2 protein chains.
Amino acid sequence: MQSPREFAATSAYSSPMQILIADDHPLFRVALAQAVRAVAPEAHIVEVGTFDAALAELATTPPADLVLLDLHMPGSHGLMALATLRAEYPAVAVVLVSAHDDVATVQRALVHGALGFISKRSHLDELHDALRTVLTAQTWVPPALQASLAGHPVATTERQLAARLAALSPQQMRVLVLVADGLLNKQIADRLGVQERTIKAHLSAIFERLEVRNRTQASVLLRSLELADPAQRLDD
Amino acid sequence: MQSPREFAATSAYSSPMQILIADDHPLFRVALAQAVRAVAPEAHIVEVGTFDAALAELATTPPADLVLLDLHMPGSHGLMALATLRAEYPAVAVVLVSAHDDVATVQRALVHGALGFISKRSHLDELHDALRTVLTAQTWVPPALQASLAGHPVATTERQLAARLAALSPQQMRVLVLVADGLLNKQIADRLGVQERTIKAHLSAIFERLEVRNRTQASVLLRSLELADPAQRLDD
DNA sequence: TGCTGCATCGGACCATGGTCCAATGCGGCG
DNA sequence: CGCCGCATTGGACCATGGTCCGATGCAGCA
């Protein structure tokens, strides 16, 4: 069998590639699945329509090798989904799929650990190219954006933000997400099935890694991932 | 202080119309000013490049009658600037100016109290029409969007959000903004030159009006104005 | 003139958040 | 095997947040 070589030397001759497609638009979901089958007939494909369903699917064993993740989905939009997913499953490759394909958004996605960015406005042949590329574990961005991407320096603050969030453990990220929803420590503890004391310990660690001093600042940091605001600001 | 619905009538025989142009793009700023002069030669125009400068200018007496406010500016982007400004100066008419002219954004702006929405992609004659319209205290939206705007129902949650935020007093809004920046009560008190007690009192009132139970939830509410993503926000 | 909302404070009180000390078990890794 | 990061919890302790009782002065308004 000719499974993609570069992709995890471990899975090269083991089980077939597992691909998870997460998109709330059914039509586009099947279109994506068909495109995947066209370039990787042996892949095992699972489709979901919500972010929670994606997490549930990834919880199965073995988890997917590659996730095609829509940027705008019920339950979580923006880069928060990417950060959450990468905290939980660092080994899983995530490719973002979105119609919101401006340079800044694509760049933020890459900085925050996405393997690639597929524009929903791609035509079929470009989509095939994109899938073939990411299936070999290589970065892919829309060709039309490559030039402007090169001339678009990554903001230092964005790098720092990505580095800090990436330093969180899976459980810490879960806690942070609930904090950013405005829940009390006790509520978070119940939700995660642990003692409130444990949540406090996690929060102390989270504050240290995020370099903030209280929960409000931490939630501001996390929620800055949701800002779809493409504009600004390399210079100020 | 005069109501925004009457300023056109009163300006006929009182002092000339005061217009504040707030945009961080110098070129567009002068273009706007020139367009204003073309349709209202007697108007007194002031230009600023940051949101803070806009607030400072409005603090002068008499304050401007009309503000042309860019959606994306250093210091505050998104609808948070609109909410802040309207809380501080309820009598001032605010017209948003942005290139981000999708239906959802325009509609959110109107729901949150903007008098109009001018697209930066307008041509000169359309810009003139827009300015003439808002100068008579009438709502203006890009003609190209009017049809889709009509068929685009306003989300109930968005209305509620606007109603709650609009219920805040000027000082309460100032406190909320600082809370959403992650500041401690003591720091907010120092910043506003009052006792920490007073901040606590304000916060209790804020929580009641926003129908939340702690500062983190309140800041989530305010920061949801920054989300360029108009999408769904379902309660869990 | 009363009424209402705003903004400011006070005391007492309790809840929540957060830190510093420490410990245990677990699993990966050199 | 020892080391380290992760997750969990405990006790003690303090800081901060938040509420409930009140109060004052002020400005606008019917």
Side-chain angles (χ1 to χ4, degrees), chain A residues 10 59 61 86-91 163-222, chain B residues 1-3 6 61 86-91 163-222:
Chain A
T10 61
T61 50
R86 281 193 55 79
E88 197 85 30
Y89 305 97
R164 292 175 188 179
L165 288 174
L168 296 185
S169 74
Q171 186 76 329
Q172 287 170 355
M173 179 60 84
R174 280 189 285 266
V175 171
L176 178 57
V177 167
L178 296 177
V179 164
D181 275 343
L183 271 65
L184 303 179
N185 288 343
K186 184 70 178 83
Q187 296 175 307
I188 299 174
D190 291 345
R191 189 85 60 106
L192 297 182
V194 298
Q195 295 303 110
E196 181 181 358
R197 186 62 195 77
T198 309
I199 302 302
K200 288 187 176 185
H202 281 309
L203 276 176
S204 289
I206 291 172
F207 295 158
E208 187 179 0
R209 299 197 177 183
L210 296 186
E211 299 177 44
V212 299
R213 282 174 24 256
N214 58 52
R215 58 174 49 219
T216 307
Q217 291 180 348
S219 91
V220 166
L221 226 63
L222 181 66
Chain B
M1 207 125 318
Q2 47 194 4
S3 137
E6 299 161 5
T61 48
R86 280 193 56 78
E88 198 84 30
Y89 306 96
R164 292 174 188 179
L165 288 175
L168 296 185
S169 74
Q171 186 77 327
Q172 286 170 356
M173 179 61 83
R174 280 188 286 267
V175 171
L176 177 57
V177 167
L178 296 177
V179 164
D181 275 343
L183 271 65
L184 303 179
N185 287 344
K186 183 72 178 84
Q187 296 174 307
I188 299 174
D190 291 345
R191 189 83 62 101
L192 297 182
V194 298
Q195 295 303 112
E196 184 179 355
R197 299 278 165 164
T198 309
I199 302 303
K200 288 187 176 185
H202 281 309
L203 276 176
S204 289
I206 291 172
F207 295 158
E208 188 180 358
R209 300 198 177 182
L210 296 186
E211 299 178 45
V212 299
R213 283 175 40 253
N214 58 53
R215 58 175 48 219
T216 307
Q217 292 179 347
S219 91
V220 166
L221 225 62
L222 181 65

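Proteins get letters first, then strands, A, B, ... in listed order; numbering begins at 1 in each. Bear in mind the structure is a predicted one, so any value in this text is a computation, not a measurement.
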In B/S/- notation, 5' to 3', how is nucleotides 14-22 of chain C contacted by protein heavy atoms closer than 4.0 Å? --SBBBB--
Kindly list each side-chain donor-acceptor pair under 3.5 angstrom involving residues 189-199 of chain B, sequence neighbours excluded, with atom names and distances?
residue, atom, partner, partner atom, Å
B:D190, OD1, B:K186, NZ, 2.8
B:D190, OD2, B:K186, NZ, 3.4

Quick one: side-chain hydrogen bond (donor to acceptor under 3.5 Å, both in side chains) partners of A:N185, sequence neighbours excluded? A:R215
For B:Q171 versus B:H202, what's the shortest heavy-atom pair and its separation? CG-NE2, 3.5 Å
Do B:V220 and A:D181 come close enough that some side-chain heavy atom pair is under 4.5 Å? no
Applying side-chain hydrogen bond (donor to acceptor under 3.5 Å, both in side chains), name anything that partners B:Q217, two or more places apart in sequence or on another chain. none
Phosphate contact (C:dC6 OP1 or OP2) by B:R209 side-chain N/O below 4.0 Å: yes
Please give, in whole Å, the distance from C:dT8 C1' to B:H202 NE2? 7 Å
Which atom of B:M173 lies closest to which atom of B:L165, heavy atoms considered: CE-O, 4.0 Å
Is any side-chain heavy atom of A:L221 closer than 4.5 Å to a side-chain heavy atom of A:E211? no
So, does B:T198 get its side chain near the phosphate of C:dC9, meaning an N or O under 4.0 Å from OP1 or OP2? yes
Locate the shortest heavy-atom distance separating B:G182 from A:N214; write the atom from each residue and the value. O-ND2, 3.1 Å
Side-chain touch B:L210/B:L168, heavy atoms, less than 4.5 angstrom: yes
Give the minimum heavy-atom separation between B:V179 and A:T216, together with the two atoms involved. O-CG2, 3.3 Å
Heavy atoms under 4.0 Å is the rule here; annotate nucleotides 24-30 of chain C 5' to 3' with B where the base is hit, S where only the sugar-phosphate is, and - elsewhere. -------
Please check the phosphate of C:dT8 (OP1 and OP2 only) for any side-chain N or O of B:Q171 closer than 4.0 Å. yes
Heavy-atom protein contacts under 4.0 Å, nucleotides 23-30 of chain D, coded B base, S sugar-phosphate only, - none: --------
